[in-house]
Peer 1: 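To start, I am sharing the structure in question, which I have written as structure tokens.
No hydrogens, no waters, no symmetry mates; every other heavy atom, side chains included, goes into these values. Positions are given from 1 along the sequence.
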Amino acid sequence: CDLQNIVLGWYNGPQLTPFAADSVKLVEKAPVVEPEPGEVQPVEILFADKANRTEYTTSKQVWTMNGITVTNDKGASTNDVGNFNNPARFYQGSNVTIAADKAISQIVFNCNDYKNTYPTDLQSSISSGSVSVNGTVVTVTLSSATTSYAITKLAGQVRMDSITVYYAE
């Protein structure tokens with residue numbers, strides 16, 4: 001059997017993988033979908049580690065990444081602000097503000113799946129915009145774009161893995 005090489009990956013140069021010439025069928029490469037000119041791409045803030053947390057006290061924490069700032073203040077919570085990541089914890093009664101330097105049209109909260117009440121507690125805390133829940137994902141579509149969106153007095157503890165922000169066009 002004649003062995004040939006095919007490039008199956010690229011990491012510090014081509015990664016060659018031997019194969020039998022008669023065992024591979026060539027197919028067309030899938031097209032790369034490029035954004036339309038002027039199309040605004042979503043941005044995400046991750047809570048996987050504390051590298052994106054720029055401020056922490058027992059009454060306030062601030063996370064910043066990709067032009068998004070998430071502030072959690074103790075507000076009416078009976079608990080101090082949590083010193084956690086992966087996921088970030090936002091306690092019942094606390095306030096959460098999502099801010100950006102561009103006008104936000106939609107916010108997608110990716111709740112952690114440790115407890116199935118996180119999405120519904122978040123949903124019941126939201127007082128403006130239209131809200132939908134799909135599993136652990138809570139999507140808020142704002143009625144008018146804004147650079148700052150606040151959730152006052154969370155109805156229950158919410159743990160988040162990330163938040164994705166969509167900007168107005």
Side-chain angles (χ1 to χ4, degrees), residues 9 11 32-169:
Y11 179 78
V32 175
V33 178
E34 296 291 334
E36 295 292 323
E39 182 180 6
V40 180
Q41 296 296 307
V43 292
E44 185 174 39
I45 185 166
L46 305 172
F47 303 113
D49 57 45
K50 294 177 184 169
N52 299 320
R53 191 168 69 184
T54 58
E55 181 181 339
Y56 175 77
T57 66
T58 56
S59 60
K60 178 181 174 183
Q61 65 178 325
V62 179
W63 301 78
T64 303
M65 181 181 182
N66 294 327
I68 308 167
T69 300
V70 176
T71 303
N72 174 227
D73 68 76
K74 184 174 177 175
S77 179
T78 57
N79 296 316
D80 288 341
V81 170
N83 187 17
F84 296 97
N85 62 289
N86 199 27
R89 295 182 188 184
F90 304 100
Y91 291 125
Q92 180 177 358
S94 71
N95 306 316
V96 178
T97 303
I98 297 92
D101 54 359
K102 298 177 188 173
I104 301 167
S105 62
Q106 188 176 67
I107 304 168
V108 178
F109 298 91
N110 300 294
C111 298
N112 187 266
D113 62 1
Y114 175 75
K115 192 174 177 185
N116 64 2
T117 60
Y118 298 144
T120 52
D121 284 343
L122 179 59
Q123 178 186 27
S124 65
S125 305
I126 294 170
S127 60
S128 63
S130 64
V131 185
S132 66
V133 176
N134 184 1
T136 59
V137 177
V138 178
T139 302
V140 179
T141 303
L142 305 178
S143 51
S144 60
T146 182
T147 57
S148 182
Y149 182 80
I151 301 169
T152 305
K153 200 171 181 183
L154 287 172
Q157 181 184 150
V158 178
R159 296 184 186 185
M160 285 186 230
D161 294 320
S162 65
I163 297 174
T164 304
V165 168
Y166 290 82
Y167 294 120
E169 293 188 27

Peer 1: Once side chain to side chain donor-acceptor pair (under 3.5 Å) is applied, what residue pairs with a partner in residues 97-112 remain, sequence neighbours excluded?
Peer 2: Q106-T141, N110-S162, N112-D161
Peer 1: Going by the rule side chain to side chain contact (heavy atoms under 4.5 Å, CB included), which residues pair with S128 if we only count those two or more places apart in sequence or in a different chain?
Peer 2: Y149
Peer 1: Once ring pair (Phe, Tyr, Trp, His ring centres under 6.0 Å) is applied, what residue pairs with a partner in residues 51-80 remain, sequence neighbours excluded?
Peer 2: F47-W63
Peer 1: Please output the side-chain donor-acceptor pairs of residues 131-139 that fall under 3.5 Å, not counting sequence neighbours, one pair per line with the distance.
Peer 2:
none

Peer 1: Main chain of Q92, side chain of S77: is a donor-acceptor contact present, judged purely on distance under 3.5 Å?
Peer 2: yes
Peer 1: Would you call L154 and D121 a side-chain contact if the rule is heavy atoms closer than 4.5 Å?
Peer 2: no
Peer 1: Considering residues at least two apart in sequence or located in another chain, which fulfil the side chain to side chain contact (heavy atoms under 4.5 Å, CB included) criterion with A155?
Peer 2: S124, S125
Peer 1: How about I45 and N66: do any of their side-chain heavy atoms sit closer than 4.5 Å?
Peer 2: no
Peer 1: Taking ring pair (Phe, Tyr, Trp, His ring centres under 6.0 Å) as the cut-off, I'd like each qualifying pair that reaches into residues 103-147, sequence neighbours left out, listed once.
Peer 2: none
Peer 1: Just so I know, are the side chains of I68 and I163 near enough to count as touching, which here means a heavy-atom distance under 4.5 Å?
Peer 2: no
Peer 1: Roughly how far, to the nearest 0.5 Å, is NZ of K153 from OG of S127?
Peer 2: 13.0 Å
Peer 1: Take atom NZ of K60 as the centre, draw a 6.0 Å sphere, and report whether it contains more than 12 heavy atoms from other residues, nucleotides or ligands.
Peer 2: no
Peer 1: Using the rule side-chain hydrogen bond (donor to acceptor under 3.5 Å, both in side chains), only one of N85, T64, N83 pairs with R53; which is it?
Peer 2: N83
Peer 1: Heavy atoms, side chains only, cut-off 4.5 Å: are I151 and I126 in contact?
Peer 2: yes
Peer 1: Give a yes or no answer on whether the side chain of D49 reaches the backbone of A51 with a donor-acceptor pair at less than 3.5 Å.
Peer 2: yes
Peer 1: Where the side chain of N95 meets the backbone of D73, is there a donor-acceptor pair that is under 3.5 Å apart?
Peer 2: no
